[in-house]
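All ligand and atom numbering here is 1-based and tracks the order in the structure. Just so you know, residue 1 is the first one in the sequence shown, and it goes up from there. In this text, all values refer to a predicted model and were calculated from it rather than measured experimentally.
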Amino acid sequence: MAHSQLYPLEVNPQTEEPFLRLPAPNDNIILTPPRLTDGKYLGPIINDPQVSVWLEGPPIPYLDEYAPGWLELIKGQSDAIIAELKEEERLNPDGPLKLVGGCPVRHIREVLPDGTDIYLGDIGINRAQLEEVFEPEERRQALEVNNSKAIGDPSIIWTFGDYLAPSHHRRGIMTAAMSTILNSWAIPRMGVRFMTGYTFSGNQGSRRVFEKSGFVWKRTLDSGKVVRGERKTLNYLEWKHPDLGA
Ligand SMILES: CC(C)(COP(=O)(O)OP(=O)(O)OC[C@H]1O[C@@H](n2cnc3c(N)ncnc32)[C@H](O)[C@@H]1OP(=O)(O)O)[C@@H](O)C(=O)NCCC(=O)NCCS
């Protein structure tokens with residue numbers, strides 16, 4: 001019998017929201033698509049110094065007014081993938097599982113005993129920003145090439161970006177989330193074969209999360225980057241699927 005095209009996502013029978021559950025002992029944690037109602041939870045987590053100090057991307061301080069545009073963007077990306085897969089299932093019910101260009105679940109939530117859930121953080125998988133290419137024109141061209149490769153091309157370079165509420169740090173949640181997305185979705189459903197990881201030097205937690213998911217630390221990148229007025233060097237890590245060889 002044919003799998004649902006959403007496989008291995010499960011679907012909440014009440015809300016019809018797809019989700020991916022982390023393995024025990026973190027099986028009370030699920031990954032879901034973003035919800036527009038998540039907006040008020042982002043600022044308090046991102047602005048916590050235990051989180052903000054390690055982030056480059058979002059503007060800090062993160063104001064509540066930034067959240068709606070961001071959530072519309074990433075919810076739109078999730079919705080489009082889910083719609084594409086449902087359409088494939090309708091057109092081709094016995095067909096093979098379709099490769100897609102992203103992961104529709106990324107918001108990390110703790111499911112409480114009464115069935116409600118609380119927002120804990122985010123893990124996104126995207127085409128890499130290629131921090132290892134320093135020369136601006138060379139990087140612009142490399143990004144253009146990487147971003148224009150067709151879905152399923154094994155030479156696409158991908159990366160993860162993530163953060164978690166400090167109340168839930170050091171319980172193995174992000175390691176489980178990264179490994180689950182990589183093995184249950186990115187490899188089989190996106191054709192991901194090569195990834196890079198970037199963290200500020202000194203971000204031991206994030207470096208370890210990458211390493212525990214199979215990434216290998218390669219070197220420190222010193223491109224002269226300045227973030228919020230401070231010089232930053234980066235840890236650069238790589239992950240390769242065994243298909244690509246040594
Ligand atoms: C980095 C982050 C996502 C880690 O999430 P987490 O769920 O706490 O990580 P885990 O519990 O899976 O820990 C994985 C490993 O890192 C270690 N670790 C976690 N936080 C650490 C810290 N602050 N210092 C040193 N080691 C740390 C854990 O001990 C574990 O290693 P071990 O199994 O060898 O003991 C979380 O600390 C965070 O949100 N940090 C702020 C944002 C951030 O850095 N994002 C990534 C930007 S590149």
Side-chain angles (χ1 to χ4, degrees), residues 20-32 34 38 41-62 66-67 70 74 103 105-111 117-133 157-186 192 195-223 225-228 230-239:
L20 204 48
R21 187 179 293 284
L22 301 190
N26 286 310
D27 47 352
N28 59 333
I29 307 289
I30 58 171
L31 307 174
T32 79
D38 291 333
Y41 306 115
L42 270 54
I45 299 176
I46 293 172
N47 288 326
D48 187 304
Q50 292 178 74
V51 173
S52 60
V53 73
W54 300 119
L55 299 182
E56 178 177 0
I60 308 287
Y62 193 85
Y66 302 152
W70 168 247
I74 59 172
C103 180
V105 295
R106 59 181 293 162
H107 273 191
I108 305 168
R109 306 183 197 273
E110 179 175 16
V111 181
D117 56 44
I118 53 173
Y119 178 79
L120 292 183
D122 186 21
I123 175 164
I125 180 168
N126 290 297
R127 299 201 187 202
Q129 66 270 36
L130 306 181
E131 302 274 359
E132 64 279 20
V133 184
I157 308 173
W158 299 89
T159 195
F160 280 113
D162 55 52
Y163 68 83
L164 185 70
S167 54
H168 287 65
H169 283 182
R170 303 194 84 147
R171 300 189 196 173
I173 292 174
M174 197 58 86
T175 300
M178 188 177 285
S179 298
T180 299
I181 291 189
L182 184 58
N183 294 303
S184 298
W185 191 268
V192 171
M195 296 194 72
T196 52
Y198 313 95
T199 85
F200 290 160
S201 296
N203 191 348
Q204 266 312 106
S206 184
R207 175 174 166 174
R208 284 295 294 144
V209 168
F210 279 116
E211 288 175 337
K212 293 186 79 176
S213 301
F215 287 67
V216 177
W217 185 88
K218 292 289 175 181
R219 59 186 183 272
T220 297
L221 302 178
D222 187 1
S223 65
K225 183 188 279 290
V226 175
V227 179
R228 296 184 289 277
E230 268 184 47
R231 270 295 304 276
K232 296 284 181 194
T233 59
L234 302 179
N235 287 308
Y236 171 68
L237 301 100
E238 287 182 356
W239 172 88

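For N47 and S52, the side-chain atoms include no donor-acceptor pair closer than 3.5 Å. T220 and T233 form no side-chain donor-acceptor contact under 3.5 Å, judged by distance and modelled atom types alone.
The nearest protein atom to atom 25 (C) of ligand 1, hydrogens excluded, is given as Q204 CB, 3.6 Å; this is a heavy-atom distance. Protein heavy atom closest to atom 9 (O) of ligand 1, with residue, atom name and distance, is V209 CG2, 3.6 Å.
Taking distance alone, with nitrogen or oxygen atoms compared against 3.5 Å, Y198 stays at or beyond that limit from ligand 1. For the pair G172 and ligand 1, the shortest N or O to N or O distance falls below 3.5 Å. Taking only nitrogen or oxygen atoms, main chain and side chain alike, L164 reaches within less than 3.5 Å of ligand 1. Polar contact check, H169 against ligand 1: a nitrogen or oxygen pair lies under 3.5 Å apart.
The N203 neighbourhood of ligand 1 comprises atoms 43 (C), 44 (O), 47 (C), with distances under 4.0 Å to a heavy atom of that residue. Here is the list of ligand 1 atoms found below 4.0 Å of a heavy atom in T175: 10 (P), 12 (O), 13 (O), 14 (C). Near Y163, the atoms of ligand 1 lying under 4.0 angstrom from a non-hydrogen atom of the residue are 39 (O), 42 (C). Taking a cut-off of under 4.0 Å to the non-hydrogen atoms of S206, the atoms of ligand 1 that pass are 1 (C), 46 (C), 47 (C), 48 (S).
Of all the heavy atoms in V53 and P49, the pair that sits closest is CG1-O, 3.1 Å. Minimum interatomic distance between A177 and L22 (heavy atoms only, all atoms of both residues): CA-CD2, 3.7 Å.
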Q. Checking salt bridge (charged side-chain N to carboxylate O under 4.0 Å, His left out) for the pair K225/E56: CA distance, chi angles, key distance, verdict?
A. CA-CA 10 Å; K225 183 188 279 290; E56 178 177 0; 2.8 Å; yes

Q: Decide salt bridge (charged side-chain N to carboxylate O under 4.0 Å, His left out) for R231 and D222; before the verdict, give the C-alpha distance in whole Å, the side-chain angles of both, and the deciding distance to 0.1 Å.
A: CA-CA 9 Å; R231 270 295 304 276; D222 187 1; 2.3 Å; yes

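Relative to atom 28 (C) of ligand 1, the option among Q50, E56, R170, M178 with the closest non-hydrogen atom is R170. Taking all heavy atoms of S179, G205, G202, P49 into account, the minimum distance to atom 18 (N) of ligand 1 is reached by G205. Comparing R171, M174, K212, R208 by heavy-atom distance to atom 7 (O) of ligand 1, the nearest is M174.
By the criterion of a heavy-atom distance under 4.0 Å, neither the backbone nor the side chain of F200 is placed next to ligand 1. At a heavy-atom distance under 4.0 Å, atoms from both the backbone and the side chain of D162 approach ligand 1.
A salt bridge does not link R109 to D122: none of the charged nitrogens lies less than 4.0 Å from a carboxylate oxygen.
Here the rule is side-chain contact (heavy atoms from CB on, under 4.5 Å) with R106, and of L31, I125, I74 only I74 fits it.
Figure legend: K232 and F200 shown as a cation-pi pair, the cationic atom lying under 6.0 angstrom from the six-membered ring centre and within 45 degrees of its axis.
Distance check for atom 31 (O) of ligand 1: a protein heavy atom is found below 4.0 Å.
With a 6.0 Å radius and a threshold of 12 heavy atoms from other residues, nucleotides or ligands, Y236 has its OH atom above the threshold.
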